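The structure under discussion appears below in the form of C-alpha coordinates.
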Amino acid sequence: QVQVVESGGGLVQAGGSQKLSCAASGRTFSSSAMGWFRQAPGKEREVVATISRNGYATYYADSVKGRFTISRDNAKNTGYLQMNSLKAEDTAVYYCAASSIASWSTNQRDYDYWGQGTQVTVSS
(Lines give C-alpha, C1' and ligand atoms only; values in the text may rest on other atoms or scores of the structure.)
Protein backbone atom coordinates (compact mmCIF):
# COMPACT_ATOMS: atom_id res chain seq x y z
CA GLN A 1 0.00 0.00 0.00
CA VAL A 2 1.15 3.52 -0.82
CA GLN A 3 0.34 6.72 1.02
CA VAL A 4 0.82 10.04 -0.70
CA VAL A 5 1.22 13.59 0.57
CA GLU A 6 1.46 16.59 -1.74
CA SER A 7 3.23 19.81 -0.92
CA GLY A 8 4.44 22.95 -2.62
CA GLY A 9 1.17 24.57 -3.49
CA GLY A 10 0.43 28.20 -2.92
CA LEU A 11 -0.12 31.50 -4.63
CA VAL A 12 1.92 32.35 -7.69
CA GLN A 13 1.73 35.11 -10.25
CA ALA A 14 0.79 34.32 -13.82
CA GLY A 15 3.89 33.56 -15.81
CA GLY A 16 5.70 32.30 -12.76
CA SER A 17 6.85 28.87 -11.76
CA GLN A 18 6.16 26.48 -8.95
CA LYS A 19 7.27 22.99 -8.06
CA LEU A 20 5.05 20.45 -6.36
CA SER A 21 6.34 17.48 -4.45
CA CYS A 22 4.68 14.15 -3.83
CA ALA A 23 6.06 12.28 -0.87
CA ALA A 24 5.07 8.64 -0.92
CA SER A 25 5.38 5.91 1.62
CA GLY A 26 5.01 2.25 0.97
CA ARG A 27 6.97 -0.62 -0.41
CA THR A 28 5.34 -0.57 -3.83
CA PHE A 29 5.94 3.03 -4.86
CA SER A 30 8.85 2.18 -7.11
CA SER A 31 6.63 -0.34 -8.91
CA SER A 32 3.75 2.08 -9.35
CA ALA A 33 2.78 4.47 -12.05
CA MET A 34 2.50 7.95 -10.62
CA GLY A 35 0.48 10.88 -11.82
CA TRP A 36 -0.57 14.41 -11.14
CA PHE A 37 -4.19 15.40 -11.46
CA ARG A 38 -6.07 18.59 -10.81
CA GLN A 39 -9.57 19.77 -10.18
CA ALA A 40 -10.65 23.34 -10.64
CA PRO A 41 -13.82 24.71 -9.04
CA GLY A 42 -16.88 23.51 -10.91
CA LYS A 43 -14.87 21.21 -13.14
CA GLU A 44 -14.11 17.53 -13.23
CA ARG A 45 -10.78 16.19 -12.11
CA GLU A 46 -8.43 15.84 -15.03
CA VAL A 47 -5.12 14.21 -15.78
CA VAL A 48 -2.23 16.65 -15.80
CA ALA A 49 0.74 14.35 -16.25
CA THR A 50 1.70 10.76 -15.59
CA ILE A 51 4.97 8.91 -15.39
CA SER A 52 5.87 5.25 -15.55
CA ARG A 53 7.41 3.45 -12.64
CA ASN A 54 10.90 3.76 -14.05
CA GLY A 55 10.40 7.34 -15.15
CA TYR A 56 11.07 6.64 -18.79
CA ALA A 57 7.57 7.20 -20.10
CA THR A 58 5.63 10.39 -19.52
CA TYR A 59 2.33 11.84 -20.61
CA TYR A 60 1.10 15.41 -20.50
CA ALA A 61 -2.28 16.90 -21.06
CA ASP A 62 -2.32 19.21 -24.04
CA SER A 63 -3.13 22.12 -21.77
CA VAL A 64 0.15 21.80 -19.89
CA LYS A 65 2.44 20.32 -22.51
CA GLY A 66 5.62 22.30 -22.84
CA ARG A 67 5.04 24.08 -19.55
CA PHE A 68 4.94 21.31 -16.96
CA THR A 69 7.46 18.57 -16.29
CA ILE A 70 6.77 15.44 -14.28
CA SER A 71 9.58 13.51 -12.66
CA ARG A 72 10.22 11.04 -9.90
CA ASP A 73 13.00 9.90 -7.64
CA ASN A 74 12.25 6.38 -6.53
CA ALA A 75 15.22 6.34 -4.17
CA LYS A 76 13.50 9.15 -2.25
CA ASN A 77 9.97 7.84 -2.83
CA THR A 78 9.14 11.25 -4.20
CA GLY A 79 7.46 12.57 -7.31
CA TYR A 80 7.56 16.10 -8.65
CA LEU A 81 5.67 18.41 -10.92
CA GLN A 82 7.57 21.41 -12.17
CA MET A 83 5.14 24.03 -13.40
CA ASN A 84 6.37 26.88 -15.56
CA SER A 85 4.64 29.71 -17.38
CA LEU A 86 1.66 29.35 -15.11
CA LYS A 87 -1.69 30.65 -16.24
CA ALA A 88 -4.77 31.63 -14.32
CA GLU A 89 -6.53 28.59 -15.72
CA ASP A 90 -3.98 26.37 -13.97
CA THR A 91 -5.60 27.31 -10.68
CA ALA A 92 -6.83 24.10 -9.10
CA VAL A 93 -6.31 21.60 -6.37
CA TYR A 94 -3.49 19.36 -7.51
CA TYR A 95 -3.45 15.73 -6.51
CA CYS A 96 -0.71 13.18 -6.67
CA ALA A 97 -1.66 9.55 -7.09
CA ALA A 98 -0.11 6.15 -7.52
CA SER A 99 -1.47 2.99 -9.08
CA SER A 100 -1.46 -0.43 -7.47
CA ILE A 101 -2.34 -2.15 -10.74
CA ALA A 102 -0.27 -0.37 -13.35
CA SER A 103 3.34 0.50 -13.90
CA TRP A 104 2.20 2.88 -16.61
CA SER A 105 -1.20 4.46 -17.15
CA THR A 106 -2.70 7.68 -18.46
CA ASN A 107 -6.14 6.74 -17.14
CA GLN A 108 -6.95 8.18 -13.75
CA ARG A 109 -9.28 5.26 -13.12
CA ASP A 110 -6.17 3.10 -12.74
CA TYR A 111 -4.94 5.22 -9.84
CA ASP A 112 -6.10 4.16 -6.42
CA TYR A 113 -3.71 5.81 -3.95
CA TRP A 114 -4.49 9.50 -3.72
CA GLY A 115 -3.13 12.38 -1.73
CA GLN A 116 -5.42 14.98 -0.22
CA GLY A 117 -4.32 17.63 -2.66
CA THR A 118 -2.53 20.93 -2.57
CA GLN A 119 -4.02 24.21 -3.72
CA VAL A 120 -2.30 26.07 -6.52
CA THR A 121 -3.64 29.53 -7.16
CA VAL A 122 -2.37 31.55 -10.08
CA SER A 123 -3.14 35.24 -9.97
CA SER A 124 -3.98 36.90 -13.26
Side-chain angles (χ1 to χ4, degrees):
Q1 187 173 346
V2 175
Q3 291 185 320
V4 177
V5 179
E6 305 95 337
S7 63
L11 178 65
V12 62
Q13 189 175 6
S17 299
Q18 196 156 335
K19 188 173 185 177
L20 305 182
S21 296
C22 174
S25 62
R27 294 170 292 178
T28 62
F29 177 75
S30 62
S31 298
S32 301
M34 187 268 286
W36 287 95
F37 307 81
R38 69 185 182 186
Q39 186 166 23
K43 297 183 179 180
E44 296 182 355
R45 187 175 64 200
E46 64 178 349
V47 176
V48 176
T50 62
I51 188 168
S52 62
R53 66 178 183 180
N54 56 17
Y56 294 156
T58 58
Y59 163 84
Y60 297 94
D62 288 342
S63 59
V64 307
K65 194 174 299 181
R67 299 188 297 119
F68 290 12
T69 302
I70 188 171
S71 62
R72 67 190 297 165
D73 186 340
N74 287 344
K76 297 181 178 179
N77 282 351
T78 303
Y80 305 95
L81 184 69
Q82 177 66 51
M83 305 182 294
N84 298 326
S85 301
L86 283 162
K87 306 174 181 179
E89 50 263 45
D90 294 319
T91 296
V93 176
Y94 283 72
Y95 299 90
C96 182
S99 174
S100 66
I101 63 173
S103 58
W104 163 251
S105 178
T106 60
N107 188 344
Q108 64 179 299
R109 296 176 184 174
D110 289 334
Y111 292 83
D112 48 0
Y113 299 127
W114 292 82
Q116 294 194 50
T118 185
Q119 176 71 46
V120 174
T121 302
V122 183
S123 61
S124 61

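Keep in mind that this is a model prediction, so the values were computed, not measured.
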- request: For S99 and D110, test the side chains for any donor-to-acceptor distance below 3.5 angstrom and give the result as yes or no.
  value: no

message: Test of understanding: clusters of I, L, V, M, F, W, Y form through side-chain heavy atoms closer than 4.5 Å, transitively. Do Y111 and I51 belong to the same one?
response: no

message: According to a hydrophobic-cluster definition based on side-chain heavy atoms being under 4.5 Å apart (Ile, Leu, Val, Met, Phe, Trp, Tyr only), do L81 and L86 belong together?
response: yes

Heavy-atom side-chain contact between R67 and Y60 under 4.5 Å: no

message: I'd like to know if D90 and K87 make a salt bridge, using a cut-off of under 4.0 Å between side-chain N and carboxylate O.
response: no

task: Provide the closest heavy-atom pair for V2 versus A24 in the form atom of the first, atom of the second, distance.
output: CG1-CB, 4.0 Å

field: Distance in Å, F29 CZ paired with C22 SG, rounded so as to fall on 0.5 Å steps
entry: 6.0 Å

message: I want to check something: taking the side chain as every heavy atom from C-beta on, are Y95 and V4 in contact at a cut-off of under 4.5 Å?
response: no

message: Tell me whether E46 at atom CD has more than 12 heavy atoms from other residues, nucleotides or ligands lying less than 6.0 Å away.
response: yes

- request: Please report the shortest heavy-atom distance between M34 and Y80, naming the atom on each side.
  value: CE-N, 4.1 Å

field: Closest heavy-atom pair and its distance - A33, S105
entry: CB-N, 4.0 Å

message: Return the CD1 to CD distance between I70 and Q82, rounded to the nearest 0.5 Å.
response: 12.5 Å

field: Q39 versus K43, closest heavy-atom pair with distance
entry: NE2-O, 3.0 Å

message: Ignoring hydrogens, what is the shortest heavy-atom contact between V47 and T50? Give both atom names and the distance.
response: CG1-CG2, 3.9 Å

query: What class does the angle between the rings of F37 and W114 fall in, given that below 30° is parallel, 30 to 60° is tilted and above 60° is perpendicular?
result: tilted

task: For residues L20 and C96, determine if any side-chain heavy atom of one lies less than 4.5 Å from a side-chain heavy atom of the other.
output: no

Path from M83 to V12 over hydrophobic side-chain contacts below 4.5 Å: yes

query: So which heavy atom on Y94 is nearest to which on A92, and how close?
result: CD1-O, 3.3 Å

- request: Taking atom CD of Q13 as the centre, report whether more than 12 heavy atoms of other residues, nucleotides or ligands fall under 6.0 Å from it.
  value: no

query: Any side-chain heavy atom of Q119 within less than 4.5 Å of one from T91?
result: yes

Distance, nearest 0.5 Å, that separates NZ of K19 from OG of S71: 5.5 Å

query: Say you draw a straight line from CG of N54 to CZ of R72; how long is it, rounded to the nearest 0.5 Å?
result: 8.0 Å

task: Drop me the distance from Q3's CD to Y113's OH, to the nearest 0.5 angstrom.
output: 10.0 Å

query: Taking the six-membered ring where the residue is Trp, are the ring centres of F68 and W36 under 6.0 Å apart?
result: no

statement: So CZ of R45 and CZ of R38: to nearest 0.5 Å the spacing works out to 13.5 Å

message: Strictly distance-based, threshold 3.5 Å: is any side-chain N or O of Q116 a donor or acceptor partner for the main-chain N or O of V5?
response: no

